[in-house]
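Below, read A as the first sequence line, B as the second, and so on, with proteins coming before strands; counting in each chain starts at 1. The basis for the numbers below is simple: all heavy atoms, side chains too, and nothing from hydrogens, waters or symmetry mates. Note that the structure is a prediction, hence the values are computed from the model and not measured.
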Amino acid sequence: MWTNVCYFYFVFFPLLFSLGHSLGYGFVNYVNPSDAERAINTLNGLRLQSKTIKVSYARPSSDSIKDANLYISGLPKTMTQKDVEDMFTQYGRIINSRVLVDQASGLSRGVAFIRFDKRSEAEEAIKDLNGSKPVGASEPITVKFAANPNQTKNSQLLSQLYNTQSRRFGGPVHHQAQRFRFSPMSVDHMSGVSGMNVAGSSSSGWCIFIYNLGQDADEGILWQMFGPFGAVTNVKVIRDFNTNKCKGFGFVTMTNYEEAAMAIASLNGYRLGDKVLQVSFKSSKSHK
DNA sequence: TTCGATT
């Protein structure tokens, strides 16, 4: 029995694979098998922002389950996720599947991903289905191994960015490229000094100021509010030294700029209890 | 009560 619970998003592939970003999955180890089971039962299928997370037991780590992800293109636009799964299921156990849809029209792009449990299963599917025509289709489909996001996507993305920017602006590229990689570090470089020169940022994350917390607010509520937006490294409720009551404000530090910005946009004006919260990046004054 | 830091 595996007490290793694997978290990963159904929406795995649309994630941005730029440097420092989550690959969209993670692992949690439980001491107690029943706790692992409870985590699966309560969290699997939970919607977090625009995503639905999948929580299941982790498969044993092994070379045989690596590189078992397939990229399928040229599919009839009428084929649904289930249709694609039905076509591939005879080759092995499907771990995850997705049909890409056009963001504007909502129609299928004729592209899908299928992750098999075993690489050998994926190989068999390629052998059989690459170049074949689904029933009723006029054109053959392409079935191949999906590009490994770790190795290829980053370098492709970066070189794409650089090419695009140099064509458009014709000048030194690194200033523009910074726009696409908002990390505290890169902003520090932009200002030329490390520390708190840009609102909310420091080398250790993005600090967010929350005002109008109730007297009884605690750290737990901050974790609950901000956690769903992404990586939270620290929360703090500021309390009166003597009374130990919250002084009405607190701080949350988040690792990634985009997630912090989304949290602020979503939670500013949020009604917590009978109070309307003000949420913003921490002002840059004060602090060492 | 509107931007900390008892680590």
Side-chain angles (χ1 to χ4, degrees), chain A residues 4-5 7 16 18-23 26-32 35 39 43 46-51 175-288:
Chain A
N4 189 10
V5 176
Y7 284 72
L16 275 177
S18 49
L19 274 14
H21 279 84
S22 163
L23 260 42
F27 298 89
V28 175
N29 287 295
Y30 283 90
V31 172
N32 191 329
D35 291 338
L43 296 177
L46 182 70
R47 293 208 332 237
L48 253 35
Q49 270 64 61
S50 60
K51 297 178 186 303
H175 299 298
Q176 291 298 330
Q178 296 280 14
R179 288 176 180 275
F180 294 88
R181 187 177 162 251
F182 257 118
S183 76
M185 292 305 284
S186 65
V187 171
D188 283 351
H189 279 291
M190 290 163 89
S191 64
V193 187
S194 68
M196 304 288 284
N197 284 286
V198 176
S201 83
S202 78
S203 56
S204 56
W206 298 85
C207 192
I208 297 166
F209 173 63
I210 302 99
Y211 174 69
N212 222 9
L213 295 169
Q215 290 206 320
D216 298 320
D218 62 0
E219 272 73 12
I221 191 65
L222 293 180
W223 286 112
Q224 286 179 39
M225 286 196 298
F226 287 82
F229 292 92
V232 174
T233 56
N234 188 52
V235 302
K236 183 75 178 176
V237 169
I238 305 305
R239 296 184 173 85
D240 181 272
F241 183 82
N242 295 313
T243 68
N244 214 29
K245 292 291 186 185
C246 174
K247 290 164 80 169
F249 62 96
F251 299 92
V252 169
T253 303
M254 297 187 68
T255 303
N256 303 308
Y257 173 82
E258 289 85 354
E259 292 168 352
M262 182 65 71
I264 290 170
S266 304
L267 294 174
N268 186 39
Y270 180 81
R271 183 171 156 169
L272 179 64
D274 58 350
K275 292 183 162 60
V276 176
L277 298 183
Q278 290 175 31
V279 183
S280 64
F281 283 115
K282 181 185 185 301
S283 60
S284 52
K285 52 195 169 194
S286 83
H287 183 66
K288 49 175 158 188

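A/Ile208 has its CD1 atom 17 Å from the P atom of B/dC3, to the nearest Å. Atom pair A/Lys282:NZ and B/dC3:P shows a separation of 10 Å (rounding to whole Å applied). Atom-to-atom, OH of A/Tyr211 to C1' of B/dC3 comes out at 11 Å; the value is rounded to the nearest Å. Computed from coordinates, the A/Asn268 CG to B/dT2 P distance equals 17 Å when rounded to whole Å. The distance between atom CG of A/Leu222 and atom P of B/dA5, rounded to the nearest whole Å, is 16 Å. Rounded to an integer number of Å, the gap from CG of A/Leu213 to C1' of B/dT1 is 12 Å. Across the protein-nucleic acid pair, A/Leu277 atom CG and B/dC3 atom P stand 16 Å apart, rounded to whole Å.
Out of B/dC3, B/dG4, B/dT2, the shortest distance to the side chain of A/Ser283 is found at B/dC3.
In this structure, the ring of A/Phe281 has its center no less than 6.0 angstrom from the ring center of A/Phe209.
Both A/Lys275 and A/Val235 sit near DNA chain B, but only A/Lys275 has its closest nucleotide nearer the 5' end.
With hydrogens and angles ignored, the 3.5 Å screen pairs a side-chain donor or acceptor of A/Asp240 with a backbone N or O of A/Thr243.
A side-chain contact (heavy atoms from CB on, under 4.5 Å) with A/Cys207 is found for exactly one of A/Met254, A/Lys236, A/Lys282, namely A/Lys282.
Sorted by first and then second residue, the side chain to side chain donor-acceptor pair (under 3.5 Å) pairs involving residues 212-221 of chain A (not counting sequence neighbours) are A/Asp216-A/Lys245, A/Glu219-A/Arg239.
Of the residues in residues 236-249 of chain A, those with a non-hydrogen atom less than 4.0 angstrom from any atom of DNA chain B are A/Lys236, A/Ile238, A/Phe241, A/Cys246, A/Lys247, A/Phe249.
Nearest approach of A/Cys246 to A/Leu213, heavy atoms of both residues: SG-CB, 3.9 Å.
Residues that satisfy the side-chain contact (heavy atoms from CB on, under 4.5 Å) test with A/Ala265, not counting sequence neighbours, are absent from this structure.
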